[in-house]
Amino acid sequence: MLISKDIHQKSLSVLHEQLAAKGKSMDTLISQISKFQIAVPSWALGAGGTRFGRFSIGGEPRNLEEKLDDIALLSRITRKTDAVSLHIPWDIPRDVDALKQKAGDLGIGFDAMNSNTFQDYGQPRTYKLGSLSNSIKETREQAIQHNLQVIQLGEKLGSKGLTVWLADGTNFPGQSSFRNSLKWTIESLKEVYKNLPADWKLLLEYKPYEPNFYHTVIPDWGTSALICNELGEQAKVLVDLGHHLPNTNIEQIVATLMFKNELAGFHFNDSKYGDDDLTSGSIKPYQLFLIFCELISGAEEGSQNWDTISWMIDASHNTKDPLEDLVQALESISIAYTKALIVDRKKLTEHQLNGDTSSAQEILHDAFMTDVRPLVREARIRQGGEENPLDFLRKNNIRKGLIKERGKGSKASGL
Ligand code: PSV
Ligand code: MN
């Protein structure tokens with residue numbers, strides 16, 4: 001929404017009064033909002049698609065360098081992202097040193113590296129029937145080696161994490177042995193883990209279905225946690241919001257993982273039905289807020305240190321300009337985070353302990369219904385970002401400029 005400076009100041013001072021009444025300092029909140037940075041995945045910069053088609057938006061980055069340029073632009077206008085997450089082999093750098101130099105110049109760091117053993121891309125053995133879980137030892141070995149190469153590349157770039165998402169699973173009952181697939185997956189991951197640098201994290205993602213529709217080897221957070229426990233302390237569970245069956249209580253999963261110090265981080269997106277990869281906060285903003293409530297209270301109460309959690313967007317779709325989509329996602333995530341920051345947790349705990357259900361619910365509702373957008377905007381302005389990043393992109397014809405420079409039909413992600 002476009003608003004004048006005058007209205008921004010007025011709404012900020014109203015909010016200031018509301019927050020002061022709750023004993024919250026605006027400056028502390030602004031510094032918390034400013035500190036909270038969310039990585040952008042390299043594959044979100046081009047128009048996404050489905051298996052039914054892909055509609056180019058035009059001006060999409062044609063190479064890794066241009067992806068960095070787009071993230072630098074996002075960073076400058078939103079001040080909410082300062083890192084890119086690469087997907088290998090989609091993003092193999094032509095020249096690692098030059099890429100690192102460019103990223104450094106742009107102030108962009110390298111977030112977790114994503115290995116990819118869910119596609120065939122010219123490697124000797126096919127992943128059609130699985131990778132780290134494959135019944136053929138040589139295929140498992142190939143998938144292990146791929147992960148080790150991704151670690152090596154990440155080390156050169158300064159990344160500190162390896163994200164593993166396995167598409168492995170089956171489409172038909174009887175197709176494979178559940179127990180053997182799990183056993184081979186654990187054995188393979190142990191080989192990968194052995195080679196994980198001491199200051200790295202292994203982020204293990206789960207997903208109930210797709211591309212396999214009968215069974216997935218790591219379908220849920222429990223299986224992921226079970227594997228991580230076998231691997232060691234550096235392995236933790238990655239929660240991708242779209243990787244749950246409808247109506248799953250994701251905030252409870254977050255609380256449980258934090259309780260055991262087993263939360264690696266997030267892939268933010270939103271969904272109506274499955275892994276829809278829709279813009280964060282576009283479908284279920286209350287759920288996103290409740291997730292942040294658990295994250296903040298889990299950290300404040302000492303379950304898991306906030307700084308050990310990684311934040312990334314993982315969304316992509318067919319209809320919006322990817323830069324606009326990312327601006328909206330970064331804004332929605334910051335808003336949910338801010339709303340969760342202003343929850344009166346002391347009172348909430350009191351109501352919980354007294355069994356006052358209605359008052360406890362009111363505490364959350366009150367924070368969620370507070371319009372914190374002026375605060376998020378103020379944080380951005382104070383950091384030198386644009387007052388309204390979406391408006392900035394449009395007024396300056398950014399997409400048109402990119403189409404002129406890069407062409408109409410370029411492709412950013414995938415093979
Ligand atoms: C799988 O659906 C996933 O969430 C994994 O994180 C992949 O790496 C990513 O999407 C991109 O395909
Ligand atoms: Mn994901």
Side-chain angles (χ1 to χ4, degrees), residues 38-51 54 64 67 83-92 110-121 127 130-133 143 146-147 150-151 153-154 159 161-169 185 189 192 201-213 216-221 223-224 236-245 248 250 253-254 257 263-280 288 291 309-318 322 325-326 329 333 411-415:
I38 307 140
V40 168
S42 58
W43 59 95
L45 298 157
T50 68
R51 67 186 191 276
R54 179 182 176 279
L64 205 37
K67 290 179 184 184
V84 60
S85 186
L86 300 186
H87 214 294
I88 307 299
W90 297 345
D91 297 311
I92 295 178
F110 290 93
D111 197 65
M113 304 288 292
N114 300 265
S115 61
N116 177 339
T117 57
F118 52 84
Q119 285 176 318
D120 282 347
Y121 39 86
Y127 292 132
S131 58
L132 294 178
S133 77
H146 167 71
N147 276 280
V150 174
I151 293 176
L153 177 59
S159 168
L162 171 72
T163 295
V164 177
W165 170 64
L166 289 185
D168 294 31
T185 301
L189 283 170
V192 175
K201 186 157 89 165
L202 191 149
L203 304 93
L204 191 59
E205 202 169 344
Y206 57 89
K207 179 168 170 172
Y209 70 91
E210 200 205 18
N212 283 294
F213 294 99
T216 298
V217 179
I218 311 179
D220 52 33
W221 68 274
T223 312
S224 176
K236 293 191 192 302
V237 180
L238 175 70
V239 178
D240 181 314
L241 297 185
H243 293 188
H244 302 90
L245 297 175
T248 299
I250 305 176
I253 295 173
V254 169
L257 289 171
L263 178 63
F266 280 85
H267 278 183
F268 289 113
N269 50 51
D270 214 335
S271 86
K272 179 82 179 155
Y273 303 105
D275 191 18
D276 308 345
D277 278 339
L278 300 175
T279 318
S280 299
L288 191 57
I291 289 169
I309 304 170
S310 307
W311 319 99
M312 193 187 99
I313 290 172
D314 183 6
S316 120
H317 49 81
N318 243 345
D325 178 59
L326 286 162
I333 298 165
K411 198 170 185 301
S413 63
L415 293 170

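For ligands, and for the atoms within them, numbers begin at 1 and follow the listed sequence.
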Taking the Mn ion (ligand 2) as the centre, how many protein N/O/S atoms fall inside a distance shorter than 2.8 Å? 4
The side chain to side chain contact (heavy atoms under 4.5 Å, CB included) partners of P41 (sequence neighbours excluded) come to W43, A44, M312, I313
Any side-chain heavy atom of N269 sitting closer than 4.5 Å to one from T279? no
Near ligand 1, which residues have a heavy atom under 4.0 Å away from one of its atoms? W43, H87, W90, W165, E205, K207, D240, H243, H267, D275, D314
Looking at H267, K236, K201, which hits side chain to side chain donor-acceptor pair (under 3.5 Å) with S310? K201
Taking only residues two or more places apart in sequence or in another chain, which ones pass side-chain hydrogen bond (donor to acceptor under 3.5 Å, both in side chains) with S159? none
Identify the residue among T216, L238, V239 that makes a side-chain contact (heavy atoms from CB on, under 4.5 Å) with Y206. V239
Should the pair K207-D275 be classified as a salt bridge under the 4.0 Å nitrogen-to-oxygen rule? yes
Taking the side chain as everything from C-beta on, heavy atoms only, tell me whether L257 gets closer than 4.5 Å to W221. yes
Check whether the side chains of D168 and T185 place a donor and an acceptor atom closer than 3.5 Å, and report yes or no. no
Ring-plane angle category for H87 and W90, please: parallel below 30°, perpendicular beyond 60°, tilted otherwise. parallel
